[in-house]
Amino acid sequence: MADKPRLSRQAMCDRIAMEFQDGWVVNLGVGIPTLCSNYVDPSRDIIYHSENGVIGYGPLAPEGEEIPHLVNAGAQKVTAAPGMAIVHHADSFALIRGGMIDATVMGAYEVSENGDFANWRFPERKGGGIGGAMDLAACAKRVFIALVHNTRDGKPKLLHRCQLPITAPGVVTMVVTDLGLFDVTPEGFQVRELAPGWTAEEVQEHTEAELAVPGTIPEFRLRA
């Protein structure tokens, strides 16, 4: 089956950001999750937290409007938001370990149907170490994962069980991919929304884990 168009990374992050509630402190990890700060809802005040000590920042900075050294965890230039604070790295982690993060959005190589996930370096691939992921996974109130649905060679990333060393067991509550939005439940991955033009059967073909499919599946919510 030839692939249909998939969701953009910004659309994925817009959708996960729609889940954030007013007043939440939200940590955004390196990679795809950093795009969540580009979604702005004037009716909600979201405090974005970065491991490197930037608390309360705004969207990624447009070209030509960058502030030197004001960067998120992925070293991308971000904008300042009213009330933003710059704190010591240790203080940033004190917020994490103190249980003050309402949600963290992280990338991953794999997610299992029981809520395990793997997102740190493994021998045959370049990339960073585990970093603050294990602190966030253990201490954040909610763990959301944003990742593309398949590897470059088409292998699934939503699995029965992770094949890579896991970052944390059983902590993931929601996953967004370029094919849809999925809740992690005691019965496994439950489909909440699907990318436009995709059916549950087609997404299942790209997924190792069995998908629980409700009677009616809404189309993926996109930014207005």
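Everything quoted here is computed from the prediction, not taken from an experiment.
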### Task
Start with the C-alpha gap between R223 and N38, add the side-chain angles, then the distance that decides, and say whether side-chain hydrogen bond (donor to acceptor under 3.5 Å, both in side chains) holds.
CA-CA 11 Å; R223 187 193 299 218; N38 287 337; over 6 Å; no

### Task
Take R142 and E19 through the salt bridge (charged side-chain N to carboxylate O under 4.0 Å, His left out) test and state the conclusion after the steps.
CA-CA 11 Å; R142 301 164 186 83; E19 297 294 309; over 6 Å; no

### Query
Step by step, would you call I16 with Y39 a side-chain contact (heavy atoms from CB on, under 4.5 Å)?
CA-CA 10 Å; I16 208 77; Y39 181 81; over 6 Å; no

### Task
Decide yes or no on side-chain hydrogen bond (donor to acceptor under 3.5 Å, both in side chains) for Q190 and T185, but give the supporting numbers first.
CA-CA 7 Å; Q190 180 168 310; T185 75; 4.8 Å; no

### Residues Q21, D102; criterion side-chain hydrogen bond (donor to acceptor under 3.5 Å, both in side chains); working and verdict
CA-CA 9 Å; Q21 301 302 305; D102 292 290; over 6 Å; no

#### Entry: side-chain hydrogen bond (donor to acceptor under 3.5 Å, both in side chains) between N114 and S112, worked out
CA-CA 5 Å; N114 67 339; S112 74; 2.2 Å; yes

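Here the closest non-hydrogen pair linking I55 and L95 is CD1-CD1, 4.0 Å. In this structure, G29 and P33 approach most closely via the heavy-atom pair O-CB, 3.6 Å. For the pair F220 and P196, the tightest heavy-atom approach, listed with the atom from each and the gap, is CB-CD, 4.2 Å. Contact record, Y48 with A17: OH-CB, 4.4 Å, taken as the closest heavy-atom pair. Listed here is the closest heavy atom pair of E110 and L164: OE1-N, 3.0 Å.
Judged by distance alone, the side chain of W198 and the main-chain N or O of P5 form a donor-acceptor pair under 3.5 Å. For R44 (side chain) and M18 (main-chain N/O), a donor-acceptor pair under 3.5 Å exists by modelled atom type. Remark: the backbone N or O of S92 is not paired with any side-chain donor or acceptor of E51 at under 3.5 angstrom. Side-chain atoms of Q204 come within 3.5 Å of backbone atoms of A209 as a donor-acceptor pair (strictly under, hydrogens ignored).
Here the straight-line distance linking atom CE of M134 with atom CD1 of I166 works out to 13.0 Å at 0.5 Å rounding.
For K141, the NZ atom counts as densely surrounded, since its 6.0 Å shell holds more than 12 non-hydrogen atoms of other residues, nucleotides or ligands. Counting heavy atoms of neighbouring residues, nucleotides and ligands inside a 6.0 Å radius, atom CZ of R9 does not exceed 12 of them.
Scanning for side chain to side chain donor-acceptor pair (under 3.5 Å) contacts around N52 gives S50, with sequence neighbours left out.
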Counting only pairs under 3.5 Å, give me each side-chain donor-acceptor contact of residues 58-69, with atom names and distances, residues two or more places apart or in other chains.
| unit_1 | atom_1 | unit_2 | atom_2 | d |
| --- | --- | --- | --- | --- |
| E66 | OE1 | G64 | N | 2.9 |
| E66 | OE2 | G64 | N | 3.4 |

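Considering K157, H149, E113 as possible partners of T207, the one that fulfils the side chain to side chain donor-acceptor pair (under 3.5 Å) test is H149.
Pairs engaging residues 7-35 under the ring pair (Phe, Tyr, Trp, His ring centres under 6.0 Å) rule: none recorded [sequence neighbours left out].
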